[in-house]
**Student:** 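Sharing a structure below in structure tokens format, with a few things to ask.
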Protein chains: 2
Amino acid sequence: MPRKPAEQTVQPDAILKAAATVFYRRGYHGATMADIAAEVNLTAGSLYHHFPSKEDLLCAVLDRGLAQITRDVRAVVDGGAPSADKLRAIAHIHVLSEIEHSNIAAAVIFEGRALLDVPGVRDQYVRQRDTLEALYRRVVEDGIAAGDFRPLDVGIFVKALFGALNWVSLWYREGGRLTGAQIAAEIAATFLAALQPPPAEGGDFPPC
Amino acid sequence: MPRKPAEQTVQPDAILKAAATVFYRRGYHGATMADIAAEVNLTAGSLYHHFPSKEDLLCAVLDRGLAQITRDVRAVVDGGAPSADKLRAIAHIHVLSEIEHSNIAAAVIFEGRALLDVPGVRDQYVRQRDTLEALYRRVVEDGIAAGDFRPLDVGIFVKALFGALNWVSLWYREGGRLTGAQIAAEIAATFLAALQPPPAEGGDFPPC
DNA sequence: TGGTTAATCAAATGTACATTTGATTATACG
DNA sequence: CGTATAATCAAATGTACATTTGATTAACCA
């Protein structure tokens, strides 16, 4: 049974990256199959040998993007570092995912809305996104429980952090004033400052 | 010269509001003229008596949305309140604009990208957006200069604040746990906490 | 009352896709 | 070598719009 074909074959991986880039650049409805195909030197029709439809392509991009960032973030959250370090690491992963990994994460962030019409798919997407958000929330809650962070409305705090991090993909330009790592560090510092507990009263050492 | 026609006439204002809502809901490319028309009980063709094209409609929405929020924010920034109060007021305006004023602001925020192809229009949009961002920046810079806020990277801080505020339109649901005003207050509190200067050393009163 | 015009509609028109179809090429394996 | 198959392409096909067109309606004003 003859099988493997050409060397000039395009990897499905490359198609996903191309699709992510184009979805991010033009939005789901604005992106054409020809745009995506051109990105990997194919014609529009050829894409259908790899994915059954444009919608499936978006689903695959979202699925893979969310899985990737969730995996990386989970590794940090499950580790034993102090909460502040975890938050810094998460910001780093999040920002770098947006600006480096072929914009897959960026497509995830902004094109999820295009799925609002397809209930089955949408639920899957929402579930994955909530999973990711829950990881962020856990870091903050653990930090509060440990006394490293001041108590606050964790729900809003995490949404704000998400927003700040996601927004990076809208304004980041390669070769700008700061690198992705520096941006992540600065954002993490901002949110960590907001989490700083008030100076301890009645601690081990009397204040005066 | 006979003029004014029917009572059943649709105001251009109503069309802009409808367009903003639909653009926000479906994205620029995903929105159809029929969708927008239906929102004000018209047929697609009738919209062309009020706006020359779909693109003009988007421009008008963006222009008006940005002008509105900029006007409101400018009034606060030009006022004499303490910087912290200004920041709280701005957050309030920003969030309420997103979730109340017919989603015009929300459309502004997320559909600006659809204009990336139309250079003339795009520049106008970018200029207006930068104007708004400059107002936010001024509040933070003034606060730092006055010693109310700790010094930090104002560029990143403002982008983070923008992101956190803009993100609200993606997750806010009417009848949720918090009102828009409460959300704005919580976000403002978070960012103000991040701006808090370290306890003064060598102040008027000696520390012990 | 009637002419002028704004506002609307229903029905074209044209185009830009997503998707299909029917070759064509090139590989791997026997 | 030869044949089955993966991967591709160029050229249909069909549809979903944006926009146009040609009435129709109803107000205003003289």
Side-chain angles (χ1 to χ4, degrees), chain A residues 1-62 107 111 114-118 121, chain B residues 1-62 107 111 114-118 121:
Chain A
M1 288 98 193
R3 275 294 161 104
K4 287 195 165 181
E7 188 58 50
Q8 72 232 46
T9 294
V10 170
Q11 302 302 317
D13 238 47
I15 297 179
L16 282 184
K17 289 173 70 168
T21 301
V22 176
F23 284 149
Y24 171 63
R25 204 152 56 208
R26 301 238 200 281
Y28 176 70
H29 293 289
T32 72
M33 292 300 265
D35 288 338
I36 297 167
E39 204 83 8
V40 287
N41 295 311
L42 287 183
T43 59
S46 301
L47 291 181
Y48 290 82
H49 269 273
H50 303 278
F51 295 92
S53 74
K54 186 181 174 186
E55 187 177 299
D56 278 271
L57 207 40
L58 176 60
C59 292
V61 166
L62 296 178
E111 289 314 311
L115 290 174
L116 290 180
D117 299 327
V118 194
V121 171
Chain B
M1 288 98 191
R3 276 290 163 110
K4 286 194 163 180
E7 188 57 50
Q8 72 233 42
T9 294
V10 169
Q11 302 301 317
D13 238 47
I15 297 179
L16 282 184
K17 290 173 69 167
T21 302
V22 176
F23 283 148
Y24 171 64
R25 202 154 54 208
R26 299 239 201 280
Y28 175 70
H29 292 287
T32 72
M33 292 299 266
D35 288 338
I36 298 167
E39 204 81 7
V40 286
N41 294 311
L42 287 183
T43 60
S46 301
L47 291 181
Y48 289 83
H49 268 273
H50 303 278
F51 294 92
S53 74
K54 186 182 175 186
E55 188 177 296
D56 278 270
L57 207 40
L58 176 61
C59 292
V61 166
L62 296 178
E111 289 313 311
L115 291 176
L116 290 180
D117 299 327
V118 194
V121 171

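In the text below, chain A, chain B and the rest are named by the order of the sequence lines, each starting its count at 1. Keep in mind the model is a prediction, meaning the values are calculated, not measured.
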**Student:** May I ask you to verify if any side-chain N or O of Ser46(B) is less than 4.0 angstrom from the OP1 or OP2 atom of dC9(C)?
**Tutor:** yes
**Student:** Tell me the interatomic distance from His29(B), atom NE2, to dA16(C), atom C1', rounded to whole angstroms.
**Tutor:** 12 Å
**Student:** Just how far, in rounded Å, is C1' of dA16(C) from CZ of Arg26(A)?
**Tutor:**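 Distance check: Arg26(A) CZ to dA16(C) C1' gives 14 Å.
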**Student:** As a test of understanding, state which of Leu47(B), Leu16(B), Thr21(B), Leu42(B) forms a side-chain contact (heavy atoms from CB on, under 4.5 Å) with Ile36(B).
**Tutor:** Leu47(B)
**Student:** Among dA18(D), dA18(C), dC9(D), which is the nearest nucleotide to the side chain of Lys54(B)?
**Tutor:**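 Among dA18(D), dA18(C), dC9(D), the one nearest the side chain of Lys54(B) is dA18(D).
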**Student:** Quick one: Asn41(B) CG to dA10(C) C1', roughly how many Å, whole number?
**Tutor:**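 Distance check: Asn41(B) CG to dA10(C) C1' gives 17 Å.
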**Student:** Do Arg25(B) and Val22(B) have side chains that get closer than 4.5 Å, going by heavy atoms?
**Tutor:** yes
**Student:** What does Ala37(A) touch in the nucleic acid at a heavy-atom separation under 4.0 angstrom: a base, only the sugar-phosphate, or nothing?
**Tutor:** nothing
**Student:** In whole angstroms, how far is the P atom of dT19(D) from the CD1 atom of Ile36(B)?
**Tutor:**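 Going from Ile36(B) (CD1) to dT19(D) (P), I get 10 Å.
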**Student:** His50(B) has an atom NE2; how far is it from atom P of dA6(C), in whole Å?
**Tutor:** 12 Å
**Student:** For Phe51(B) and Ile15(B), which heavy atoms make the closest approach, and how far apart are they?
**Tutor:** CE1-CG2, 3.7 Å
**Student:** Among the candidates dT19(D), dA10(C), dC9(D), find the nucleotide nearest to the side-chain atoms of Thr43(B).
**Tutor:** dA10(C)
**Student:** Cation-pi check for Tyr28(A) against Lys54(A): NZ or CZ below 6.0 Å from the six-membered ring centre and within 45 degrees of the axis, yes or no?
**Tutor:** yes
**Student:** Report the distance from atom CG of Asp35(B) to atom C1' of dT19(D), rounded to the nearest whole Å.
**Tutor:**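 Going from Asp35(B) (CG) to dT19(D) (C1'), I get 16 Å.
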**Student:** Would you mind reading off the distance between Leu58(A) atom CG and dT19(C) atom P, rounded to a whole angstrom?
**Tutor:** 12 Å
**Student:** How many Å lie between CE on Met33(B) and C1' on dT20(D), as a whole number?
**Tutor:** 12 Å
